[in-house]
Structures are given as structure tokens and as C-alpha cells.
Protein chains: 2
Amino acid sequence: MLTLAEENHLKAILSISLINPKKITTNAIAKEISISPASVSDMLKKLLEKKLIKYEKYQGVLLSKKGLTLATNILRKHRLWECFLVNKLKFDWAEVHDIAEQLEHIRSVKLIDKLDSYLNFPKYDPHGEPIPSKNGEFPKNKYTPLNKLCAGEKGKVMGVTIDEKSFLDYLTKLNINIGTNLHVLDIIIFDNSINVLIDDERTHISNDVAKHLLINKL
Amino acid sequence: MLTLAEENHLKAILSISLINPKKITTNAIAKEISISPASVSDMLKKLLEKKLIKYEKYQGVLLSKKGLTLATNILRKHRLWECFLVNKLKFDWAEVHDIAEQLEHIRSVKLIDKLDSYLNFPKYDPHGEPIPSKNGEFPKNKYTPLNKLCAGEKGKVMGVTIDEKSFLDYLTKLNINIGTNLHVLDIIIFDNSINVLIDDERTHISNDVAKHLLINKL
DNA sequence: TATTTTTTTTAGACATATCTAAATTCTTTT
DNA sequence: AAAAGAATTTAGATATGTCTAAAAAAAATA
Ligand SMILES: [Mn+2]
Ligand SMILES: [Mn+2]
Ligand SMILES: [Mn+2]
Ligand SMILES: [Mn+2]
């Protein structure tokens, strides 16, 4: 049985490796969960002891099979709860991540099975993030980050890859939501920012934002 | 902001005082949450420090106004989640208490407001236990514990005052549920147990069980 | 390759929450 | 009212999870 801290470390490792599937550094984990690298080092020893990670001192860390299963299940719970909060309780998409950070630690297999069924077995959460199945498989998506589109291309926003409130609130301010249609006007070479057309309105989007928007190209 | 342990102690004090509204003893709290009396003593110091209880060494404890508000809110969350689990996710009434023990600690005022509304502002949980309102008021009920009925009286089960699995599973075995009609045949003076008629079947119920069954007398 | 910088780990401290055993206080019985 | 018994608190220990500062190792730079 995992403690809350152990679950949070495993989930952090998974989250980081979903973006960049390499060995994960102590510093990256520390940053992800806002604790000191020293504390992460301590925890890595415990997780290694429990065979949840592959780890050699100074050499970075990977999830073991067992660790991956457990971490994926936490992510599954997180995203299912986000669906519940948005689809059933009518929360705004920007409000649910922080609450799901708490709900994801509730322990009951039956609860998650029933929640999944109650929600009609969703494949994506309210941010377009894929929900792993019970046995840990992610639905494939073939979407392109907005920063990979070329001038002139058009597409529809299918999801984001960050679901923190500050990011989502900014998207809302830009009139971007899931389903929004975009038309890339031009790309500024200097900083890789782009000008897009949204609802006939010209909008400027930084590269940092664009790379977290998943687009279904027309 | 309360820690999990603090919340559990406050809730324990409230639960005990709902059954018997006197000064609560250290031992009673210890028993309620299955920890040592020594640990409870430690915690009482902390709760006093935070002005959540009225407490003098060796003299037992009461909730302060602030403590009562917080504890009542935890109970409210517990019972609302139990409604959700039974009414929406179709859990059996015996399965939900343990899961609600976890869910009751989720922190989000908006979540509970929305859950309450989603459930249509229930007044009683699946065990017939009253759900306090947002401002801490309990709906009044005028039901009688089964052990106070006299031979010959009839009534309907409206709720229970324990919602642990072992108790509820036993009720199910006795064919007792919310809404069950009972007819008290006779009371055994020796141990205050009673014989009742349920669905034309004679059933023997101990005093210990009978006192936790709330009856609406016909 | 040697030096400097960065990253990671270790060492030592602290807060929380628990325990058992011993001391203290309260309650009951004689 | 004294003694015995029960309840409560204190003392001291342990486990977990965090921190900062210092040491060690790895990576980057000169
Ligand atoms: Mn999220
Ligand atoms: Mn999400
Ligand atoms: Mn309950
Ligand atoms: Mn209940």
C-alpha cells in the first residue's frame, strides 16, 4: 500500500515521462511536485526498496512495470474524476484539476469501476487528455501540437497537455476551448510565436502556449 | 487548516456527542478512532490550542462553536458522499461508509455545494441518517428506536444510527432495510431482546441491534 | 584535461502522528 | 477517609516526510 507521498512521486515521474520518455532527473521531480531535490532523493530510495522504480544513484529514474501500473492508475483516477466534475457537476474545465489532485488518491477499485461506467467509459478528460484503460493502455491520438502547424494550415483544438488553472484561464481569455477552429496566419521566426484567426479575430499565441494545444488538422 | 488527524478527532467527538451529549472522555475518542488514549491526549492539546474544543485536563472535552461547525461540515460531506455512492453509483448501503470516510476529507466548498445540488439537496443519507445543512442544522426527526416500542406496536424502519458494514450486513440477513415494516410481537424481559414480525416471518432481534433501528410508529 | 558549475546525495534537524510504559489524577469501593 | 482501581496524562521512542547546508559526483566549460 502506497502512502500519499509515494503516490505523488510516482505520478510525477509518470507525468514527466509522458512528455519526454527518458530517464527522469531528481530535479525534474522536485520541480513537478514543489519539494526539495533532497526530499526526492530520500523518496527514490524508498520507491527503489519497494521495486516501483529503476534507479541508480546519480543516474536518473524510470518507473518499473509495477510502478508504471500504479502511476497510470492514479492518472486514470485523476482524469475520470475530472470528467465527473465537468460532465456531471458542471464545473468549468479550469477548476477541476486541483480537486482531482485530491480525489485521485481515494482508494477503492469498485468506486473507479462504477464511476467509469457512470460516465459512459470516457476516452478523454475535459482537457482532451487521454484516459488510460483499467489495464493501463492509453487511447491513441493523432493530433498535432499547434506549434508544428505551418502558415496557412487550419485545424480544430482537440485538447491541451497542461490542465492547470492559470493556463486554462488564459486560453479562455484567448477564446480558445476544446472544439475551437483555428487558422494559422503566420509564424514569427524570431520567437516561434504565431498569429492565428479565431472566430474571424486575429490572435497572437506564444510558442510556449502553442506547444500545449493539440490540433486536429483539416 | 486542519490536518487529517485533527479532522478525524473532531468528527469522533461530534459522533460520540450526537449519541450522548455530555462531556466526551479521552477513552471514548480513542475507541472511536482506534488509537491509544495517549495519542488522543496529545491531540486534545493541539485542538485546544486551536480553540476547536473546550477542555480541561482530566475533565473531558466538548466541541467549541468553531469545532462544532467544522466537525458538522465533515459529517455533512460524509453523508452527501454516501448519497452519491448509493443513489448515483448504485452501491449497496453497506459498502459506502468506508469510502465516504475517505471522501469526507476532500477540501472544496464548491464541490460540496454542487454535489448537494446534483443530489437534489437530500435531507437523509442512505442509512436514514440526517444530513446537516450548510449552516450546520440537522433536520429534525421524530422517530423512535425500536427498543422503545411496546409489544403489539407496528412501525416502519426509517433509518439506522450505525452505518458500519458488519451491522448493515446483519440487517440485510434479517431482511431489514429502510422502509421495512415491523410488528413487535413480544419483548423478552431478561435481555430486552424482541420478537418481531417481518414479512409474516418471526424474527428475533437483540436489544443491541434494536436500539440502532429508528422506527416511524403507525 | 583541468577547472568550474550544476546536480544529486548525505547529514542533521524539525514537525506530525502514532505507540508503550510510567506517573498522575480521578473515581469507586471498602 | 484510606485504599484500590480506572482513566488520563506525560515521557520517551519510532516512523514518515519534509527542510537546509554540506559533501560528493557528474556535466559543462575553459
Ligand atoms: Mn488534471
Ligand atoms: Mn485533465
Ligand atoms: Mn457513514
Ligand atoms: Mn450514513
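Proteins get letters first, then strands, A, B, ... in listed order; numbering begins at 1 in each. Model, not experiment: these values are computed from the prediction.
Taking atom CG of A:Leu47 as the reference point, atom C1' of D:dT16 lies 13 Å away to the nearest angstrom. The distance from atom NZ of A:Lys46 to atom P of D:dT16 is 6 Å, rounded to the nearest whole Å. One can place NZ of B:Lys23 at 12 Å from P of D:dT8, the figure rounded to the nearest angstrom. Atom P of nucleotide D:dT10 and atom CE of B:Met43 are separated by 15 Å, given to the nearest angstrom.
Sorted by first and then second residue, the pairs that involve residues 8-37 of chain A and meet salt bridge (charged side-chain N to carboxylate O under 4.0 Å, His left out), not counting sequence neighbours, are A:Lys11-A:Glu101, A:Lys11-A:Glu104. The list of side chain to side chain donor-acceptor pair (under 3.5 Å) pairs with a residue in residues 35-46 of chain B, not counting sequence neighbours, reads B:Ser36-B:Ser39.
Not counting sequence neighbours, B:Asn147 has no partner by the side-chain hydrogen bond (donor to acceptor under 3.5 Å, both in side chains) test. A:Lys148 is linked by a side chain to side chain contact (heavy atoms under 4.5 Å, CB included) to A:Thr144, A:Pro145, counting only residues two or more places apart in sequence or in another chain. When the side-chain hydrogen bond (donor to acceptor under 3.5 Å, both in side chains) test is applied to B:Lys51, no partner is found at least two apart in sequence or on another chain. When the side-chain hydrogen bond (donor to acceptor under 3.5 Å, both in side chains) test is applied to B:Asn177, no partner is found at least two apart in sequence or on another chain. Not a single side-chain hydrogen bond (donor to acceptor under 3.5 Å, both in side chains) links B:Lys57 to another residue, sequence neighbours left out.
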A:Asn195 and A:Thr203: CA distance, side-chain angles, deciding distance, side-chain contact (heavy atoms from CB on, under 4.5 Å) verdict: CA-CA 6 Å; A:Asn195 284 306; A:Thr203 303; over 6 Å; no

Per-nucleotide protein contact string for nucleotides 7-15 of chain C, where B marks a base within reach and S marks sugar-phosphate only (heavy atoms under 4.0 Å, - for neither): SBBB-----

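Listed in residue order, the members of residues 2-21 of chain B having a heavy atom less than 4.0 Å from DNA chain D come to none.
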